[in-house]
Amino acid sequence: MALLDAGPLFDARLKARCPTAEDNIFSTEDLAGVKEKSQVAPALHIVLHSYQPLSDDEGSGTRWREIWLVVAVVKNARQKVGSEAVRNAAAGLLAEVVAALDGWRCPGAVGLVRAIAPPNPLITDGFGYFPLAFEVQTVTAGAEDSWL
């Protein structure tokens with residue numbers, strides 16, 4: 001698996017395992033220019049948070065740690081004002097995401113996908129954004145100079 005290939009694999013896994021999202025699973029590119037009031041909910045947004053090399057043991061490849069966020073988006077029903085209603089709306093969607101990804105053996109990855117501490121949720125007047133964070137590791141092939 002190449003660096004950053006986990007995103008499309010997460011997308012396919014979530015589409016197959018998260019019926020509450022109703023096929024509303026988006027990547028960062030899908031969200032360009034979307035204004036909050038026209039956003040689809042419930043939905044899941046898959047966003048690359050960060051990546052870093054973990055080791056370089058002087059071999060021809062490097063092990064990488066990628067952090068992917070899956071942000072559950074729910075709409076705040078106007079008749080139910082307050083953050084409790086939004087949290088309740090997100091609970092089922094979050095449970096599906098955790099069941100789909102935490103401990104999953106992502107094809108081509110090293111080890112299992114693991115849930116890690118996510119950023120804090122955000123609740124606005126209209127929507128609730130509940131991020132989950134997942135770590136996946138991969139190894140990239142390095143350059144091999146045949147002339148050495």
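Remember, predicted model here, so these are calculated numbers, not experimental data.
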Please report the interatomic distance [atom1]([X]) to [atom2]([Y]), rounded to the nearest 0.5 Å.
X	Y	atom1	atom2	answer
Asp23	Cys18	CG	SG	10.5 Å
Ile123	Tyr129	CD1	OH	11.5 Å
Gln52	Thr62	CD	OG1	12.5 Å

Quiz item: Do the side chains of Val136 and Ile25 join up, straight or via other hydrophobic residues, at under 4.5 Å, putting them in one cluster?
Solution: yes
Quiz item: Partners of Arg17 by salt bridge (charged side-chain N to carboxylate O under 4.0 Å, His left out), sequence neighbours excluded?
Solution: none
Measure the shortest side-chain to side-chain distance between [X] and [Y] over non-hydrogen atoms and say whether it is less than 4.5 angstrom.
X	Y	value
Thr138	Arg63	no
Leu69	Phe134	no
Ile67	Ile116	yes

Quiz item: Between Trp68 and Glu135, does a side-chain contact (heavy atoms from CB on, under 4.5 Å) hold up when you go through it step by step?
Solution: CA-CA 6 Å; Trp68 290 86; Glu135 173 185 335; over 6 Å; no
What pairs of donor and acceptor atoms, side-chain ones from residues 90-112 against any protein atom, are under 3.5 angstrom apart with sequence neighbours left out?
{"residue": "Glu96", "atom": "OE1", "partner": "Thr20", "partner atom": "N", "Å": "3.1"}
{"residue": "Glu96", "atom": "OE1", "partner": "Thr20", "partner atom": "OG1", "Å": "3.2"}
{"residue": "Glu96", "atom": "OE2", "partner": "Thr20", "partner atom": "OG1", "Å": "2.5"}
{"residue": "Asp102", "atom": "OD1", "partner": "Ala115", "partner atom": "N", "Å": "2.9"}

List the atom of [X], the atom of [Y], and the distance in Å for their closest heavy-atom pair.
X	Y	result
Pro131	Pro119	CG-O, 3.2 Å
Ala117	Ala133	O-CB, 3.8 Å
Val74	Ala89	CG1-O, 3.7 Å
Arg65	Gln137	CA-CG, 4.3 Å
Glu66	Ala6	OE1-CB, 3.8 Å

Practice problem: Dump the intermediate steps for side-chain contact (heavy atoms from CB on, under 4.5 Å) on Phe130 and Val71, then the final yes or no. | Solution: CA-CA 5 Å; Phe130 295 85; Val71 182; 5.9 Å; no
Self-check item: Derivation of the side-chain contact (heavy atoms from CB on, under 4.5 Å) call for Thr140 and Trp64
Solution: CA-CA 8 Å; Thr140 56; Trp64 293 83; 2.9 Å; yes
Practice problem: Ignoring hydrogens and angles, tell me if any N or O in the side chain of Asn24 forms a donor-acceptor pair with the backbone of Val40 under 3.5 Å. | Solution: no
Quiz item: Passes side-chain contact (heavy atoms from CB on, under 4.5 Å), Val70 versus Leu14? Steps please.
Solution: CA-CA 10 Å; Val70 179; Leu14 294 173; 3.9 Å; yes
